[in-house]
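Single-structure report; data block below.
Excluded from the calculations below are hydrogen atoms, water molecules and symmetry mates; all remaining heavy atoms, backbone and side chain alike, are included.
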Number of protein chains: 2
Amino acid sequence: MGRKKVEIKRIEDRSSRQATFSKRRSGLMKKANQLSILCDVDIAVVVFSSRGRLFEFSSTNRFLLLFPNKEITLFCVVFI
Amino acid sequence: MGRKKVEIKRIEDRSSRQATFSKRRSGLMKKANQLSILCDVDIAVVVFSSRGRLFEFSSTNRFLLLFPNKEITLFCVVFI
DNA sequence: GACTCTATTTATAATTA
DNA sequence: TTAATTATAAATAGAGT
């Protein structure tokens, strides 16, 4: 989906990896949102960066997203 | 990405919705897997169908996927 | 419902501003 | 560096099995 075919393995270059992370993370959340709407299903996506930053998507408040503290040593998605 | 542009709203036709769910769910999990590998991050995706079936992807065993029972009234993704 | 096919849309890698 | 641009790879809608 770009100028070149990309092999699916860890991107070693730091800035390339960061750029790809930003783009593809956005794409993943978009896809999750579309799927939840098109098919009327509940979806949660959680992504942890290597530095412990958390990115999440939830299609519904039927998921409780719990963030106990900023260190995020434990993170829960609870389906209620 | 298909023969026609699709508006992002609930697909009313049952079998079309089911077909799309199957295809796009597979696509979403694939994208999650690629992102986790390319960018070396941890990802969990949980999808609940309207009938309560659960589909999940986890890039790592740092996520504990807890299934208390088959009824799945409560489901947890725990980041450890 | 789950495959195959393929026209077409969409995502995105590399580049440029 | 952050934001567009654009050429190309990839996903997928619809049809047929």
Completion exercise
In whole angstroms, the gap separating C1' of dT9(C) from CD of Glu7(B) amounts to 15 Å
Handout entry: Atom-pair distance (CD on Gln34(B); P on dA9(D)), nearest Å
Key = 15 Å
Handout entry: SB check Lys5(A) Glu7(A) (cutoff 4.0 Å)
Key = no
Practice task
Answer yes or no: is there a side-chain heavy-atom contact under 4.5 Å between Val46(B) and Phe55(B)?
Solution key: no
Practice task
Hey, could you give me the OG/NZ distance between Ser36(A) and Lys31(A), rounded to the nearest 0.5 Å?
Solution key: 13.0 Å
Handout entry: Cluster link Leu38(A) to Met29(A), ILVMFWY, side chain under 4.5 Å
Key = no
Problem - For atom CG of Asn33(B) and atom C1' of dA11(D), their distance in whole Å - result: 16 Å
Exercise for the section: Grab the CZ-C1' distance between Arg14(A) and dT1(D) for me, whole Å please. Expected result: 15 Å
Practice task
Send over the distance from Lys30(A) NZ to dT10(C) C1', rounded to a whole Å.
Solution key: 7 Å
Exercise for the section: Side-chain contact test, heavy atoms from C-beta onward, threshold under 4.5 Å: evaluate it for Asp42(A) versus Val47(B) and give yes or no. Expected result: no
Exercise for the section: Take atom CE of Met29(A) and atom P of dA11(C), then tell me their distance rounded to the nearest Å. Expected result: 15 Å
Fill in the blank from the handout: Protein heavy-atom contacts under 4.0 Å, written 5' to 3' over nucleotides 12-17 of chain C as B (base), S (sugar-phosphate only) or - (none), form the string BBB---
Problem - Short side-chain N/O contact from Gln18(B) to OP1 or OP2 of dA2(C), under 4.0 Å - result: yes
Exercise for the section: Check the hydrophobic clustering (I, L, V, M, F, W, Y; side-chain heavy atoms under 4.5 Å; chains of links allowed) and say if Ile11(B) and Val41(A) are grouped together. Expected result: no
Practice task
Please state how far atom CZ in Arg17(B) lies from atom C1' in dG1(C), giving the value in whole angstrom units.
Solution key: 14 Å
Practice task
Take atom CZ of Phe55(B) and atom P of dG1(C), then tell me their distance rounded to the nearest Å.
Solution key: 12 Å
